[in-house]
Amino acid sequence: QVQLVESGGGLVQAGGSLRLPCAASGRTYSIYVMGWFRQAPGKEREFVAAIRRSVGSTNYADSVKGRFTISRDNAENTVYLQMNSLLPEDTAVYYCAATGASRLAITRAQYEYWGQGTQVTVSS
């Protein structure tokens, strides 16, 4: 099993920045790809970004391209989501996810492991 713990959420003004770490533990050797999703009130959980741990290749949702950056520290088994130029519509609970598959998956069903989520609120 793999455990994921997110942190770093909070309240920030529009235009500001936040960095969300996600620490993995357990059978981390089985993880090929880690991703971030978010869910706003009344909306479906949506893909934000993903990274392949071995080579660092990435994939982003169009809504965050150029503003968000996903990175990893394999020695610390941690993935980061750097969020810049935040907008009120970025307000959501942000979830870290992991999969043993090598594809840079963008759907919820393709990830086996999930964190508990961290709230990000962007005020206008």
Side-chain angles (χ1 to χ4, degrees):
Q1 285 287 54
V2 172
Q3 294 78 42
L4 303 173
V5 178
E6 309 97 332
S7 60
L11 174 64
V12 63
Q13 288 188 331
S17 298
L18 279 176
R19 189 176 80 150
L20 306 182
C22 171
S25 61
R27 296 183 176 181
T28 56
Y29 59 84
S30 66
I31 300 172
Y32 275 77
V33 170
M34 294 186 72
W36 286 94
F37 286 70
R38 66 186 181 186
Q39 188 166 15
K43 294 189 176 181
E44 294 291 318
R45 192 172 299 187
E46 64 174 5
F47 170 76
V48 174
I51 187 166
R52 191 175 281 118
R53 293 182 72 212
S54 57
V55 295
S57 48
T58 58
N59 190 17
Y60 295 92
D62 288 342
S63 58
V64 306
K65 279 181 182 176
R67 300 189 299 122
F68 291 11
T69 302
I70 188 170
S71 62
R72 89 286 193 216
D73 182 339
N74 288 339
E76 296 294 330
N77 289 315
T78 300
V79 168
Y80 300 94
L81 184 67
Q82 177 68 44
M83 305 185 295
N84 298 328
S85 302
L86 282 161
L87 304 169
E89 49 263 46
D90 293 319
T91 295
V93 176
Y94 282 71
Y95 296 91
C96 179
T99 176
S102 61
R103 186 176 181 179
L104 284 171
I106 63 170
T107 65
R108 184 176 178 176
Q110 292 172 296
Y111 288 84
E112 300 96 278
Y113 306 106
W114 291 87
Q116 80 289 350
T118 185
Q119 176 70 48
V120 171
T121 302
V122 184
S123 64
S124 58

For this session: Treat each ILVMFWY residue as a node, draw an edge where side-chain heavy atoms are under 4.5 Å apart, and state whether F47 and I31 are in one component.
Result: no

Exercise. Under 4.5 Å between side-chain heavy atoms, hopping through other hydrophobics if needed: is there a path connecting L18 to V64?
Worked result: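 As far as the 4.5 Å side-chain criterion goes, V64 and L18 are connected within one cluster.
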
For this session: Decide yes or no for Q110 and T99: does some side-chain heavy atom of the first lie under 4.5 Å from some side-chain heavy atom of the second?
Result: no

Exercise. Are R103 and V33 close enough that some pair of their side-chain heavy atoms sits under 4.5 Å apart?
Worked result: no

Problem set entry | Pair listing, disulfide (SG to SG under 2.5 Å) test, anchored in residues 40-86, at least two apart | none

Output a table of donor-acceptor pairs, distance under 3.5 Å, between side-chain atoms of residues 113-124 and any protein atom two or more places apart or on a different chain; print 'none' if there are none.
unit_1 : atom_1 : unit_2 : atom_2 : d
W114   : NE1    : Y111   : O      : 3.3
Q116   : NE2    : E6     : O      : 3.3
Q116   : NE2    : E6     : OE1    : 3.4
T118   : OG1    : G9     : N      : 3.2
Q119   : NE2    : A92    : O      : 3.4
Q119   : NE2    : T121   : OG1    : 3.3

For this session: Quickly, which of L104, V48, I106, T69 forms a side-chain contact (heavy atoms from CB on, under 4.5 Å) with Y60? Name it, please.
Result: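 Answer after filtering L104, V48, I106, T69: T69.
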
For this session: Give, for atom CZ of R72 and atom SG of C22, the distance between the pair rounded to the nearest 0.5 Å.
Result: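 That separation rounds to 14.5 Å.
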
What are the two closest non-hydrogen atoms of [X] and [Y], and how far apart are they?
| X | Y | result |
| --- | --- | --- |
| L4 | M34 | CD2-CE, 3.8 Å |
| Y32 | A101 | CB-O, 3.3 Å |
| R38 | S63 | NH2-OG, 3.5 Å |

For this session: Cation-pi check, R108 to F37: give yes when NZ or CZ is under 6.0 Å from the six-membered ring centre and within 45° of the ring axis, no otherwise.
Result: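 No cation-pi geometry.
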
Could you pull out all donor-acceptor pairs under 3.5 Å where a side-chain atom in residues 75-88 meets a protein atom, sequence neighbours excluded?
unit_1 : atom_1 : unit_2 : atom_2 : d
N77    : OD1    : R53    : NH2    : 2.9
T78    : OG1    : E76    : O      : 2.9
Q82    : NE2    : N84    : OD1    : 2.9
N84    : OD1    : S17    : OG     : 2.9

Exercise. Could you go step by step and tell me if E112 and S30 meet the side chain to side chain contact (heavy atoms under 4.5 Å, CB included) rule?
Worked result: CA-CA 11 Å; E112 300 96 278; S30 66; over 6 Å; no

